[in-house]
Amino acid sequence: MTLVRVKELTATVGDAVLVDGVSFEVVAGAVTALVGASGSGKTTSALALLGEHGDGVRLAGHVEVDGELVVDGNGVTGAAVGVRGRGVAYMPQHPGSALNPARRIGTTLRELAQLHGGDVAEAVRAAQLETGKETLRRFPHQFSGGQRQRVALAQALACRPKVLVLDEPSTGLDSITRLQLVQELRDLANSGLGILLLSHDLDLVRALATQVVVLSAGRVLAAGGTDVLPLSPDLPTPGTTTARQPLLKAMDLSAALRPRGRDPVLREVGLDVRAGACLGVVGRSGSGKTTLARCLAGLHERFTGHILLDDEPLPVLRRRTAEQNRRVQYVWQEVRGSFDERRPVDQQVARTAQRLRGLGAEPAYTEAVATLARLGVAAITASRPPSRLSGGELQRAALARAVLAEPDVLICDEITTALDDRGTALVLDLLTELKARGTALIWIGHDLGLVAAVADEVLVLDAGRVVEQGPPASLMTAPHHDLTRRLVDAARIGRPETPPVLSPDSRSEPRR
């Protein structure tokens, strides 16, 4: 049974064409995937199912959902209101935009379930969240980025929709949870739900989709089965670094969410990273990865232990000097909230060079535009406010903003989760150059395969503790801890081959 029919959909803003003649269908019990680079029109096309669009955008064409005409040649129809929620539920790419920070998640879930006839416990289970009362009593900020993604999914499922639109659902998920997500989405499809999957994660699409539509610049480039998907490029092999004194060190680092050590999230973590080296940090969602990054960046103050930069104590952010702020930069996971909606993105990127390096407005702007262009964000795109950029474009803009400080230490927290393969390659090229200049990188990620490809050393976190650490080749070929083995096994969804073995020169290095 066909639940969604989209024919010759167009979306325009003035003279600009965002979507041009896109057509696809969503069938009950099956997964249709829209894939393409950031800004290719995936989200605009998907939101048309709900009759929604950005400011100034005009929709036209034919969009039919469960027998109701949502968009016609004159734009959005009055039937659009009736399909939202019960007909079509939408889970956005950035979960922070879908969650009310002032309300406990249980309150919101119960309201949605009551409004649409859903079941809270069933939605929570399907989203792979713990079903206890403690989970429902928590606020969004008390979850990790990956867990917030699952909370947003639970909200969508609580509406009991016929069609579920998932915008980059694997963003922020560790590879084990990502593997579980595949089975959960298969189960949802098998129950009769029609799923529209928007993703740059080609392995996830291969594992789930029955129909694939490849978009480029708002047009359909190819359509058919998963054989129309482009091949994923090979990941780079990291170079070896010379033995140097650690630039950044953390010793016996413990952190908690509440005062006096209550709700601990990190337990006696130690690490060091040298100039020109990359330390990878992996673990499941909620393992403490982001809290570790926030401690190093000075944003999380409830910690004990020592953080040293060049063997000198590094205080919390509000006590750091401007030079210390310049030397240690942090690109966090949910970047949309880090931009001021009232100012163009390129100006915000340039401001870093002005404030922390003392550049004039004109040279700072020139450098900002050049760095953004290198990362695949065109000048005309960067001149817009944040709401006019895709998630992947904003992610790269956040990286450019940090790079313009010319930091000695760059902490990257899940900075490629919203990127397609081309965007990821551009990011890796820039970071490889920064390493060659002597920048120390801390790469926090959920994809062990990608982290192993860029890091010289990998640290595995589980429940706030370091459970394994060593060179990437050793962890990928002979993992000792059960969690590491599970991360390795889940590193390549949709691919039969084993994840690549990297950095062979480091196989003889000892594991700590």
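Along the sequence shown, residues are numbered consecutively beginning with 1. Keep in mind that this is a model prediction, so the values were computed, not measured.
- T77 contributes a side-chain N or O that, together with a main-chain N or O of V70, makes up a donor-acceptor pair within less than 3.5 Å.
- Taking the side chain as every heavy atom from C-beta outward, L314 and Q324 approach each other to under 4.5 Å.
- For the pair R294 and F303, the cation-pi criterion (under 6.0 Å, within 45° of the ring axis) is not fulfilled.
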### Task
Could you go through the side chain to side chain donor-acceptor pair (under 3.5 Å) check for R401 and S338 one step at a time?
CA-CA 11 Å; R401 181 175 56 188; S338 70; 2.9 Å; yes

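- Nearest heavy atom pair, residue E341 against residue P386, reads OE1-CB, 3.5 Å.
- The aromatic rings of Y330 and W332 sit tilted relative to each other, their planes meeting at an angle between 30° and 60°.
- The CG atom of L188 lies 10.0 Å from the CD atom of Q183; values are rounded to the nearest 0.5 Å.
- Within the 4.5 Å cutoff, the side chain of L450 has heavy atoms near those of the L428 side chain.
- With salt bridges taken as basic N to acidic carboxylate O contacts below 4.0 Å, one links R103 and E111.
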Inset, instruction - Please test V269 against M251 for side-chain contact (heavy atoms from CB on, under 4.5 Å), starting from the C-alpha separation and ending with a verdict. - result: CA-CA 7 Å; V269 171; M251 298 175 290; over 6 Å; no

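- Residues L431 and L410 approach most closely at CD2-CD2, 3.8 Å, considering heavy atoms.
- A donor-acceptor pair under 3.5 Å is formed between the side chain of E168 and the backbone N or O of H200.
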Query - Criterion side-chain contact (heavy atoms from CB on, under 4.5 Å) on T135 and I105, from CA distance to verdict - result: CA-CA 8 Å; T135 299; I105 69 161; 4.2 Å; yes

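- When each of L198, V165, L18 is checked for a side chain to side chain contact (heavy atoms under 4.5 Å, CB included) with T43, only L198 meets the rule.
- Side-chain atoms of R396 never come within 3.5 Å of backbone atoms of V377 as a donor-acceptor pair (strictly under, hydrogens ignored).
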Evaluation steps, side-chain contact (heavy atoms from CB on, under 4.5 Å), between R104 and R110: CA-CA 10 Å; R104 302 181 194 273; R110 282 188 286 270; over 6 Å; no

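- Using a 4.5 Å cut-off on side-chain heavy atoms (C-beta onward), V124 and V120 make contact.
- When all heavy atoms of G392 and L419 are compared, the closest pair comes out as O-CD2, 3.3 Å.
- The CG atom of D201 sits 9.5 Å away from atom CZ of R206, with the distance rounded to the nearest 0.5 Å.
- Contact check on R160 versus E122 returns no salt bridge, with no Lys/Arg side-chain nitrogen under 4.0 Å from an Asp/Glu carboxylate oxygen.
- Surrounding CG of D55 are at most 12 heavy atoms belonging to other residues, nucleotides or ligands under 6.0 Å away.
- For the residue pair V345 and P385, the shortest heavy atom distance occurs at CG2-C, 4.2 Å.
- Interatomic distance, CG of L153 versus CG of L181, reported as 7.0 Å (0.5 Å rounding).
- Formation of a donor-acceptor pair under 3.5 Å by the R84 side chain with backbone atoms of L50 is found in this model.
- Here the OG1-CD distance, from T424 to Q395, works out to 8.5 Å after rounding to the nearest 0.5 Å.
- Within a 6.0 Å radius of CD in E301, other residues, nucleotides and ligands contribute more than 12 heavy atoms.
- Using a 3.5 Å distance cut-off with no hydrogens or angles, the side chains of T484 and E468 do pair a donor with an acceptor.
- A salt bridge links R342 to D340: one of the charged nitrogens lies within less than 4.0 Å of a carboxylate oxygen.
- Side-chain contact between L136 and L109 is present, with at least one heavy-atom pair separated by less than 4.5 Å.
- Contact of the L448 side chain with the M476 side chain is registered, since non-hydrogen atoms from C-beta on lie closer than 4.5 Å.
- The CG atom of D482 lies 13.0 Å from the NE2 atom of H480; values are rounded to the nearest 0.5 Å.
- The minimum heavy-atom distance linking C295 with L266 is given by the pair SG-CD1, 4.3 Å.
- Between the side chain of E393 and the main chain of S390, a donor-acceptor pair closer than 3.5 Å is present.
- Between the side chain of K162 and the backbone N or O of L193, no donor-acceptor pair lies under 3.5 Å.
- In this structure, the side chains of L292 and T290 stay at 4.5 Å or more apart for every pair of heavy atoms.
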- Candidate pair V35 and L215, rule side-chain contact (heavy atoms from CB on, under 4.5 Å), full reasoning: CA-CA 6 Å; V35 303; L215 298 181; over 6 Å; no

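- Inter-residue side-chain proximity for V27 and T32 is flagged as unmet; no heavy-atom pair is nearer than 4.5 Å.
- Checking side-chain atoms of R258 against main-chain N and O of P264 turns up no donor-acceptor pair under 3.5 Å.
- A donor-acceptor distance shorter than 3.5 angstrom exists from the side chain of R148 to the backbone of F143, with no hydrogens or angles considered.
- Annotation for G445 and V451: closest pair CA-CG2, 4.0 Å, computed over non-hydrogen atoms.
- No donor-acceptor distance shorter than 3.5 angstrom exists from the side chain of K42 to the backbone of D167, with no hydrogens or angles considered.
- Distance check: I444 CD1 to D413 CG gives 4.5 Å after rounding to the nearest 0.5 Å.
- Using a 4.5 Å heavy-atom threshold, the side chains of F339 and L389 count as separate.
- By the neighbour-count criterion of 12 heavy atoms within 6.0 Å, atom CZ of R186 is densely surrounded, having more than that number from other residues, nucleotides or ligands.
- Side-chain N or O atoms of R465 include none that pairs as donor or acceptor with a backbone N or O of D462 at under 3.5 Å.
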Would you sort out whether T108 and Q155 count as a side chain to side chain donor-acceptor pair (under 3.5 Å), showing the intermediate values? CA-CA 8 Å; T108 302; Q155 286 189 179; 4.6 Å; no

